[in-house]
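Remarks on the structure that follows.
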Amino acid sequence: MKKNIKLVLLVPLLIGATGCASLGVEPWERDLLAKDEMSLNASPVDAALDDHIYFSKEASSGGKGFGGGGCGCN
Amino acid sequence: MMKYKTEKTNIKAALTLATAALLGTSHLVQANTASTVSTEESTWEFDSAFLFYSEVDRVSAGEAIFNAKKTFADDEILNLKLTIDALTGASANGGVAQPNVQTFTRPSGDGQYTIAAGDTPLDDTFHDTRVQLNGQWTQLIAPNYTASGGVHISKEYDYLSLGINGNIAFDFDRKNSTFSTGFSYFQDTFTPEGGIPKPFSSMLIGDSSAPTWDDDFAETRIGSEDTKITTDILLGFTQVINRRMITQFNYSYSMVEGYLTDPFKIISVVSGFNEIDSGISQDYIYESRPDSRVKQSLYAQSIYHFDRTVLDVSYRYMWDDWEITSHTLDSRFRIPLGDTFGTESYLQPHFRLYQQSAAEFYRPFLIDGDTLPTYASADYRIGEMTTFTVGLKYGLLVNNGHDLSFRLEYYRQTPTDAGFDEPGVLKEVELYPTIDAIIAQITYSF
């Protein structure tokens, strides 16, 4: 299971790393990508608040960014 | 967005005094995006938010964030964030429900509280206020190389956390691809009220006004404070797939060393299967966790722009050397409403699903007379559990294009039995109660 998941995640990464010619856009094709909602962290404030909740209530943290320490939350 | 024309040199001089902190690699990507729309002026952007979190019969918390981001004319970015939160209410102490009334001593040793028959033991003495400051500085250091560094300080009544972080990102293929690497280092000091309990020592219960009480309570303590160090390494890769789609993949390695036990948590020690009072608590002992934990995770995120709507989906797989594994699926779907329900308004449903397995040393209870394991904790947060969140966000533009949004979410935790046989009366009580919470948030950006 663990191996399969790693594979699923790593294959697209390798495709990207090898610079597949069909990937990517020219600078003048960034009209949609430039929108706020296309940002990988579109709502950093929401993300920070959510991270705090789930860090306090579940056994996992980080992944998108740093898991970190930061509070003795209960 | 407010724009101020300022003399760069003055701002820079002022900013050398400023501290800088924590953002992940995604912020570096944002910085790159910003560089494509370079302006002649330096700009300030402010985000303010208030969040209310409330569990049924348990903890309630309020959290306020004020974030100030300054983008300079040459795309250097300073981000300063202030977070204040306050927490009050009851938290599970780790003990199991019983068919009779139970009495527990408060973590401070100062007084006791009772729990009704059949109820999950909750300690209602929790209240804390936390102030956190983050500063982060991001800039180009060479063509296609963006660096970022930051500091973090967080203080609450019984807890101090200090942290630093650094990131570097490399763009290539017309900025369609980005490799990034980052680290963070946190040093936390925990000074719990009542001190650090001796692992597996029995909770002292009795007359807390007795002359010998303080000495007897002190016998269950090993110190007044302890520390932990957290070191994280993050490797990321971002790829623009096409005009409509962008993806991100991260690998993270996190090492925590030091005091990882929860000083407020206990474990019920109950009579065994063959006893006449099978399942009845005989003792409450303080929990004990290993002094190190190594967590790793793989994270993937994709954002796709349909003709009008935008779908953002992420998945995280986490595993650690406590034998906890977890899956997190998170998705948001942004639906623009045009100007019908407010200028450039939108609705954004949110769905999150989370599932974790139990830590190797998780024990919902211990059996009286059995040999004690090396480590044990009855904290449901490291037990087997499934949670989901459903929410809806509504946003619109108000005065001069400022963003205003409201978010309402429902969060449910469903702890499950990881395969522990329940002796006697424990079969008749709720050992894995579900927890329901409401999350409400208002955000204003200007």
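In what follows, chains are A, B, ... by sequence order, proteins preceding strands, each numbered from 1.
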Task: Under the salt bridge (Lys or Arg N to Asp or Glu O under 4.0 Å) test, residues paired with B/Arg316 that sit two or more places apart - done: none
Open item on the list: Please evaluate residues A/Asp50 and B/Arg407 with respect to the criterion side chain to side chain contact (heavy atoms under 4.5 Å, CB included), reporting the C-alpha separation (whole Å), side-chain torsions for both, the decisive distance (0.1 Å), and the verdict.
Closed with: CA-CA 12 Å; A/Asp50 280 353; B/Arg407 182 163 74 118; 3.1 Å; yes
TODO: Consider only side-chain N and O atoms of B/Thr387 and A/Tyr54, and report whether a donor and an acceptor are under 3.5 Å apart.
DONE: no
Task: Top of B/Met245, B/Met318, B/Glu63, B/Arg352 for chain A proximity - count of heavy-atom pairs under 4.5 angstrom - done: B/Arg352
Open item on the list: Applying salt bridge (Lys or Arg N to Asp or Glu O under 4.0 Å), can you list everything that pairs with B/Asp330, at least two apart in sequence or on another chain?
Closed with: B/Arg332
Task: Ion pair B/Arg334/A/Asp36, N-O distance below 4.0 Å - done: no
- [ ] Determine whether the side chains of A/Ser61 and B/Lys295 contain a donor N or O and an acceptor N or O closer than 3.5 Å.
- [x] yes
Open item on the list: Looking at every heavy atom in both B/Arg293 and A/Ala59, which two are closest together, and how far apart are they?
Closed with: NH2-O, 2.7 Å
Open item on the list: Donor-acceptor check, side chain of B/Gln413 to backbone of A/Lys57, threshold 3.5 angstrom: yes or no?
Closed with: yes
Open item on the list: Suppose we call two aromatic rings close when their centres sit under 6.0 Å apart. Are B/Phe183 and A/Phe66 close by that rule?
Closed with: no
Task: Interchain contact, B/Arg244 with chain A, by part (heavy-atom threshold 4.5 Å) - done: both
TODO: Indicate yes or no: at least one non-hydrogen side-chain atom of A/Arg30 is less than 4.5 angstrom from one of B/Val240.
DONE: yes
Task: chain A interface, residue from B/Gln348, B/Gln356, B/Gln187 that has the most non-hydrogen pairs under 4.5 Å - done: B/Gln356
- [ ] Mark yes when over 12 heavy atoms from residues, nucleotides or ligands other than B/Tyr157 sit less than 6.0 Å from its OH; otherwise mark no.
- [x] no
- [ ] Using non-hydrogen atoms and a 4.5 Å limit, figure out which bit of B/Ile435 sits close to chain A: side chain, backbone, both or neither.
- [x] neither
TODO: Counting only heavy atoms closer than 4.5 Å, note whether B/Ile65 contacts chain A via side chain, backbone, both or neither.
DONE: side chain
Task: Residue pair B/Arg381 / A/Glu58, side-chain heavy-atom distance below 4.5 Å - done: no
Task: Selection from B/Ile382, B/Asn242, B/Thr83 maximising heavy-atom pairs under 4.5 Å formed with chain A - done: B/Asn242
Task: Heavy-atom side-chain contact between B/Asp85 and A/His52 under 4.5 Å - done: yes
Open item on the list: Measuring only between side-chain heavy atoms, which start at C-beta, is B/Thr238 closer than 4.5 Å to A/Leu40?
Closed with: yes
Open item on the list: How long is the straight-line distance from OG of A/Ser60 back to CH2 of B/Trp319, given to the nearest 0.5 Å?
Closed with: 11.5 Å
- [ ] Drop me the distance from B/Glu409's CD to A/Ile53's CD1, to the nearest 0.5 angstrom.
- [x] 7.5 Å
Open item on the list: If I compare all heavy atoms of A/Gly63 with all of B/Leu234, which pair ends up nearest, and what's the gap?
Closed with: O-CD1, 3.9 Å
- [ ] Tell me, with the steps shown, if A/Val25 and B/Asn176 meet side chain to side chain contact (heavy atoms under 4.5 Å, CB included).
- [x] CA-CA 7 Å; A/Val25 296; B/Asn176 283 307; 3.5 Å; yes
Open item on the list: Testing the basics here: between B/Ile246 and A/Met38, what is the closest heavy-atom pair and its distance to 0.1 Å?
Closed with: CG2-O, 3.7 Å
Open item on the list: Is B/Tyr185 in contact with chain A via its backbone, its side chain, both, or neither, using a 4.5 Å heavy-atom distance?
Closed with: neither
Open item on the list: Under 4.5 Å from any heavy atom of chain A, what part of B/Tyr411 do you find: side chain, backbone, both or neither?
Closed with: side chain
- [ ] Check A/Leu32, A/Asp31, A/Leu33 against B/His305 for a side chain to side chain contact (heavy atoms under 4.5 Å, CB included) and give me the one that passes.
- [x] A/Leu32
TODO: For A/Leu23 and B/Gln239, work out which heavy atoms get closest and say how close.
DONE: CB-NE2, 3.6 Å
- [ ] With a 4.5 angstrom heavy-atom cut-off, could you sort out which part of B/Arg58 is near chain A: side chain, backbone, both or neither?
- [x] neither
